[in-house]
Undergrad: 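My questions all concern the structure below.
Both backbone and side-chain heavy atoms feed into the values below; hydrogens, waters and symmetry mates do not.
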Amino acid sequence: MIRLLDTLTNEPQELPPPPYDVKLYVCGITPYAGSHIGHAVPVVVFDVLRRYLEYRGYTVRHVTNFTDIDDKLIDRALQQGTTVKALADQFSAQYLASLKRLNALEATVYPRATEEIGGIVMVIAGLVEKGFAYESGGDVYYRVRQKADYGKLSKRNIDDLLSGARIDPTELKDDPLDFALWKGTKPGEPSWPSPWGPGRPGWHIECSAMALGHLGEQIDIHGGGADLIFPHHENEIAQSEAFTGKAPFARIWMHNALLRLGAEKMSKSVGNIIGLDEVLDSHGADAVRLFILGSQYRSPVTYTEEALEAAKVGAERLREAAMATARGTGGGAVAPIDAEQVRAEFTAAMDDDLNTSKALAVLFELARGVNRARDEGQNFRPARALLRELGGVLGLTFAAPPAASQEATPFVELLVQLRTELRAAKQWALADRVRDGLTELGIELKDSPEGTTWRRT
RNA sequence: GGCGCCAUGGCCAAGUGGUAAGGCAGAGCUCUGCAAAAGCUCCACCGCCGGUUCGAAUCCGACUGGCGCCUCCA
């Protein structure tokens with residue numbers, strides 16, 4: 001039984017047994033800038049969740065949104081002399097391309113706020129009608145004090161929030177804590193018609209409307225980064241449950257810890273970001289996944305070059321085993337690896353709130369089993385197949401790490417060929433000079449009965 | 001100030017009552033013409049103090065150190 005820790009109740013929750021169609025909503029991004037390595041965390045975590053659910057027999061309806069209209073986009077577009085749409089399209093496409101490189105499964109739907117205005121307006125209108133929201137000067141605000149349970153997700157008390165000095169009281173709001181569902185248009189901003197005049201949606205409402213529209217009034221899992229717990233998800237619960245009159249809005253709330261860089265979290269506002277594509281270029285998808293999955297998703301991971309490098313070497317180790325080929329015939333007895341036992345260990349780890357760290361330990365031990373079986377001339381293919389199967393659940397590609405440059409390839413191959421001939425002639429000293437020279441240039445050679453292979457290090 | 005989290009070997013990281021998974025790095029050995037890869041072996045008593053218990057990294061309390069949210073943020 002899969003148990004996932006729910007942020008709201010702070011207790012493990014379970015899903016109905018399969019066959020069951022899991023309704024999963026994962027908060028996406030506001031596409032106003034390029035992605036950094038921190039964005040890869042929820043992507044990988046929820047991709048693994050999805051792959052694991054499917055592995056266990058569930059079907060998953062997965063929705064991830066793009067909030068393609070908001071203050072940052074408007075500011076950035078103005079600043080760059082472009083349109084909000086052009087900017088949002090550019091970074092949305094870039095984000096999706098990065099997801100693909102990360103080997104993340106595509107969501108069932110990627111709704112965009114600007115294409116869901118009708119649904120958003122409908123939800124806002126419903127909230128106004130029920131007295132949970134009010135129009136004021138062309139804006140519409142959600143009345144936070146209307147429902148007593150506001151703050152339940154983030155464990156906040158309304159009056160404690162009030163004492164926080166950083167809340168900016170707006171004269172248009174009845175209460176300083178009320179938040180905007182709809183913002184009346186200002187000159188030069190994109191706007192859409194509404195019963196309250198032209199304007200655009202506020203930040204939180206689009207997710208409620210999209211979850212409602214694409215998944216229904218009550219969903220199974222709602223996920224995102226821990227930084228979204230307040231105010232975003234708190235407000236989403238409030239709106240959604242007020243609108244539908246049904247609770248819980250989500251059966252399970254899952255939040256991944258934020259990636260840190262040195263002492264601080266990695267964040268655009270702090271400015272300490274490392275581009276996602278750059279890391280993918282230099283280390284490859286499996287290394288990024290191993291880096292992220294090396295710790296449980298609720299524990300914060302700290303980005304360091306050393307940790308990424310360690311993950312890269314580890315990925316290479318798994319790849320070597322997953323791609324292992326026989327030495328000699330490899331036709332001996334089947335390796336004594338109990339596939340059911342290994343699967344059981346892997347599954348037990350994953351069932352326990354996605355303990356990917358422990359699941360990876362199972363994979364590494366399995367990799368050792370594959371290698372040992374091969375070294376001993378046993379039939380290691382079933383074990384190798386199992387490694388590929390379980391690695392696939394974690395979204396590993398087992399692909400060769402990226403090569404920095406292809407230009408040198410013909411020259412390297414010429415040298416490798418030359419060395420092969422020298423070795424055939426037992427010209428060891430000369431052969432070694434070639435290999436040592438290549439090693440210094442970052443080319444590692446590997447001799448085997450089938451010939452010499454090489455790779456960049 | 002409010003809410004919450006964390007502290008395990010050189011680095012990363014599992015483990016929440018019965019005596020420390022795994023990865024990276026390091027040492028030795030095997031294999032290899034030499035290497036690489038791989039295999040084998042070795043490498044921790046769990047921030048500090050006190051308490052509960054037959055027994056604690058694991059429960060309780062205090063302390064120290066670090067972090068997150070409360071404001072846009074994955």
Undergrad: When you measure from the centre of the six-membered ring of A/Phe230, is the NZ or CZ of A/Arg156 under 6.0 Å away and within 45° of the axis?
TA: yes

Undergrad: Looking only at the side chains, is there a donor atom on one of A/Asn235 and A/Tyr150 sitting less than 3.5 Å from an acceptor on the other?
TA: yes

Undergrad: Under 3.5 Å, is there an N or O donor on one side and an acceptor on the other linking the side chain of A/Arg156 and the base of B/C69?
TA: yes

Undergrad: Across the strands shown, which category fits A/Pro300 at heavy-atom distances under 4.0 angstrom: base, sugar-phosphate, nothing?
TA: sugar-phosphate

Undergrad: Sequence neighbours excluded, which residues qualify as side-chain hydrogen bond (donor to acceptor under 3.5 Å, both in side chains) partners of A/Thr64?
TA: A/His62

Undergrad: Would you call the rings of A/Tyr25 and A/His222 parallel, tilted or perpendicular, taking 30° and 60° as the class edges?
TA: tilted

Undergrad: I'd like the C1' distance from B/A37 over to B/C45, given in whole Å.
TA: 35 Å

Undergrad: What contact category does A/Leu228 fall into here, base, sugar-phosphate, or nothing, at under 4.0 angstrom with non-hydrogen atoms?
TA: sugar-phosphate

Undergrad: May I ask you to say what A/Ala361 touches in the nucleic acid, namely base, sugar-phosphate or nothing, with a heavy-atom cut-off under 4.0 Å?
TA: base

Undergrad: Could you tell me how far apart A/Asn235 (CG) and B/C72 (P) are, to the nearest whole angstrom?
TA: 10 Å

Undergrad: Assign A/Gln296 to base, sugar-phosphate, or nothing according to its heavy-atom contacts below 4.0 angstrom with the strands shown.
TA: sugar-phosphate

Undergrad: Going 5' to 3' through nucleotides 29-39 of chain B, assign each nucleotide B (protein heavy atom under 4.0 Å from a base atom), S (under 4.0 Å only from sugar-phosphate atoms) or - (no protein heavy atom that close).
TA: ----BBBBBSS

Undergrad: Please pick, from B/A74, B/G22, B/C70, the nucleotide with the shortest atom-to-atom distance to any side-chain atom of A/Phe230.
TA: B/C70

Undergrad: Could you measure between the two P atoms, the one in B/C31 and the one in B/A35, and give it in whole Å?
TA: 12 Å

Undergrad: Classify the nucleic acid contact of A/Gly151 as base, sugar-phosphate or nothing, counting any heavy atom under 4.0 Å across all strands shown.
TA: nothing

Undergrad: Judged by modelled atom types alone, do A/His283 and A/Glu278 share a side-chain donor-acceptor pair under 3.5 Å?
TA: no

Undergrad: For the pair A/Asp447 and A/Arg423, find out whether any cationic side-chain nitrogen is under 4.0 Å from an anionic carboxylate oxygen.
TA: yes

